[in-house]
Protein chains: 2
Amino acid sequence: MSIRDLARHLDISIGTVSRALNGKADVNAETRERVLEAAKRLGYVPNQSGRSLRQGTTNTIGFMIESTIETVDGGGSFFMPVFEGVQSVFRRHHLDLVALLCGTDEDPASYLNRVVARRFVDGLIISATARNDPRIDFLLERNIPFVALGRSATKGDYPWIDLDFEGVAATAVERLVGFGHRRIAIGTPASDLNLGYLFLDGYKRALAASGIDFDPGLVLPANGHEEGGYQVASALLAQKPMPTAIILVNENMAIGLYRRLYEAGIHPGRDIAVIGFRESTQSRFLSPTLTCFRISLRDLGIKLAEALLSTLPAFAGQYPPERVALIWPMELVPGESDRTVPGAGTAHASTSIPGS
Amino acid sequence: MSIRDLARHLDISIGTVSRALNGKADVNAETRERVLEAAKRLGYVPNQSGRSLRQGTTNTIGFMIESTIETVDGGGSFFMPVFEGVQSVFRRHHLDLVALLCGTDEDPASYLNRVVARRFVDGLIISATARNDPRIDFLLERNIPFVALGRSATKGDYPWIDLDFEGVAATAVERLVGFGHRRIAIGTPASDLNLGYLFLDGYKRALAASGIDFDPGLVLPANGHEEGGYQVASALLAQKPMPTAIILVNENMAIGLYRRLYEAGIHPGRDIAVIGFRESTQSRFLSPTLTCFRISLRDLGIKLAEALLSTLPAFAGQYPPERVALIWPMELVPGESDRTVPGAGTAHASTSIPGS
DNA sequence: ACTGTTATCGTAAACGTTTACGGAAGGCAT
DNA sequence: ATGCCTTCCGTAAACGTTTACGATAACAGT
């Protein structure tokens, strides 16, 4: 069922059929009607390869994610809502969205190379940007439209949207200081990911603003998984005196942290204050419920999509080109985990912990 | 940088270049060497659109996931390892894997229609199969190669791999009965998803085998999120006498359940036995750690890929056609949550729960 | 010298589109 | 009647590949 068949069937030239389908102006209203009707009736759908070959465009946008996403993503629940938002915009413009999975055994840059060289997509959304991300240089160099979810330290003018890690860390510190805390630890992945750097930066800045000296010993590096949180808790317990508060970069870490504290008979929310990041569906079901930060992920996706559209030549009319450089705000969601007064003593007699 | 440029640059015909690149036999070893070298040096990558147009094949496989995945997937961590496995197989055959995201506001069947009509992919992996899944009929009808992760009740001969929900439920029941439990509740999504049906089936079967009457009041329907678990716990607490054990279909539910039980002063693992499904990175960090079932997700992905390959015409030589219909086994991982003796009394004086 | 075989390569068609270009037909004013 | 504009449509080229087919040359065998 090609366009040729359709044309033969209608006894019209193939060019007219194409024009009718694509909404070109110079085609009679009645003929267009006939064409559209027949196309629907015969189930004709234009072949994407032919179209791409001719126009040099694929009407497809790729959202690239590594399978080792861990830091922000609470196990994957981060991306789905973002996808939703992106797709809601793209659908209106007849763009398809596919997720590009780069396996752990392949270099992200070479993967990207393959994707763009093959003319798979018209544009890209990349995420989990490293502090120095070769993909950005690559895309800039080849002039491929893209937008980055997460800024990097790379020079160059490109559109990006990033979460306000700095602000989150600062807000958390300010809140804890307001509660009277002075020894505030922070658990963050010692990573080349940019967010680790930013997170620490906000932490330091807020400490300084509160007149508290920065103590490198309170920075507890760990991966973003549950084990990481577990290790952070162990490091916490080893300190004397124990810090009275801890800020985490990732909710999975909170679960590991809770576990280790419970094993030691320390109750988060009573013996130590915990603020986590990012809110997930679990946050309010942990015991204690976790004070954390909410992100409107769907809106983030929408904004990402719009930012990309404004870099696509084909949409220059509708979305005037503008360099998006946006720091995405987040909202604190109070929980039970930071309701604690630092002077009340840290080494409570523990209540019995089931199973430990 | 098309194949034409490459040919001109080498002063060879364009046909020879193509043959050299594709490893055809009738090309001189030395010329092939020259072509390959020049291609690499000039960064030539064949244009996928042109190739697809000519061969009618895209070298791309789509893995379709709805964005509302909830039941099996602990927030997304289910798919990534599966993707890894699938991709590890596909890469060896120069197939690309893309994830197809069907938004919640679009009908999965119509989405699928668009994808295949456009000749986007050569084959498909679909997941989250409903008990009656129109996608399966659609794909069978059009003779599109695919494999389903999850069987449905649909008639027809198609390859599928499914988790052993029935076996899991039965194993859980047997284990609990072995510990002396008689009143065993089950929390499962009252869904049109096939897994809900299968799960309940295994539960009933194992009960019957143990000579325990099936009590419909012990089937507690709820969604697969934390709220669902929370509701299940509420329903549990409302029963007199309270069941001594509960089986859950999803780990997110376990977190909600724990929360509700803690609020009521009931300790899972001491006052009530809990068995969950599926193991995630969190399972051993909950308190009590969750008895659950482990799935080798990467291997599952590998098997899925091989099943698909054996249905692709282009690989009929290497992967002889065979109808895969596989029930994927799972392994019980003991935790602390089901270490309880049913006779020891259910309404312990609760220890203080922080934050409640 | 003729035929047959083999190795290697060039030629050209084909895949399904889109689109620049031109042509035909009609209407209107001069 | 001529010229001009508008509306509509057909023609054909082009996008980048792959591949069936034929051509050439070299070589061996008779």
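Lettering follows sequence order; numbering is per chain, from 1. These figures come from a predicted structure and were not determined experimentally. What you see below is based on every heavy atom in this structure, not just the backbone, and it leaves out hydrogens, waters and symmetry mates.
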* Which whole-number value in Å describes the distance from B:Arg118 CZ to C:dT17 P? -> 12 Å
* Asked: With respect to the phosphate group of C:dG10, does any side-chain polar atom (N or O) of B:Ser13 fall under 4.0 Å of OP1 or OP2?
  -> yes
* For B:Ser18, report the nucleic acid contact type (base, sugar-phosphate, nothing); a contact means any heavy atom under 4.0 Å. => base
* With a 4.0 Å cut-off, would you call B:Glu37 and B:Arg41 a salt bridge? -> yes
* Structure fact -> salt bridge (charged side-chain N to carboxylate O under 4.0 Å, His left out) filter on B:Asp5, not counting sequence neighbours, yields B:Arg8
* Asked: Are OP1 or OP2 of D:dG16 and a side-chain N or O of B:Arg51 less than 4.0 angstrom apart?
  -> no
* **Closest approach of A:Val86 to A:Ala305 (non-hydrogen atoms, all atoms of both residues)** => O-CB, 3.8 Å
* Between A:Asp11 and B:Ser2, just flag the one whose closest nucleotide in DNA chain D comes earlier from the 5' side. => A:Asp11
* **Nucleic acid contacts of residues 28-44 of chain B, taken as heavy-atom distances under 4.0 Å to DNA chain C** => B:Asn28, B:Thr31
* A:Cys102 and A:Ile65, any side-chain heavy atoms less than 4.5 Å apart -> no
* Measuring from A:Glu306:CD to A:Leu326:CG, what's the distance to the nearest 0.5 Å? -> 10.5 Å
* Asked: Which one, C:dT17, D:dG16, D:dT19, comes nearest to the side chain of B:Arg19?
  -> D:dT19
* Quickly work out the A:Asn22 CG to C:dG16 P distance and round it to whole Å. => 17 Å
* Structure fact -> Terminal axes of the helix from C:dA1-D:dT30 to C:dT30-D:dA1 (5 end pairs apiece), angle rounded to 10 degrees, sit apart by 70°
* To do: Please answer whether the main-chain N or O of B:Ile327 pairs with a side-chain N or O of B:Asp162 as donor and acceptor at a distance below 3.5 Å.
  => no
* To do: Just do the side-chain contact (heavy atoms from CB on, under 4.5 Å) check on A:Val82 and A:Phe63 with the steps written out, would you?
  => CA-CA 10 Å; A:Val82 178; A:Phe63 197 137; 4.0 Å; yes
* Structure fact -> Residue pairs passing the ring-ring contact (aromatic ring centres under 6.0 Å, His included) test with at least one member in residues 104-154 of chain B, sequence neighbours excluded, are B:Phe146-B:Tyr158
* Between atom NZ in A:Lys24 and atom C1' in D:dG10, what is the gap in whole Å? -> 16 Å
* Asked: Does the A:Arg34 side chain pair with the main chain of A:Leu10, one donor and one acceptor, at a distance under 3.5 Å?
  -> yes
* To the nearest Å, how far apart are B:Asp26 CG and D:dA23 C1'? -> 13 Å
For nucleotides 12-15 of chain D, list the nitrogen or oxygen atoms of the protein found under 3.5 Å from its nitrogen or oxygen atoms, one pair per line.
residue : atom : partner : partner atom : Å
D:dC15  : O2   : A:Arg54 : N            : 3.2

* **Nearest-angstrom distance from the residue atom CD1 of A:Ile12 to P of D:dT7** => 19 Å
* Structure fact -> Sorted by chain and number, sequence neighbours left out, salt bridge (charged side-chain N to carboxylate O under 4.0 Å, His left out) with A:Asp96 holds for B:Arg114, B:Arg118
* Distance in angstrom units between A:Leu10 CG and D:dC9 P, rounded -> 12 Å
* Would you say B:Ser52's side chain and B:Gln48's backbone share a donor-acceptor pair under 3.5 angstrom? -> yes
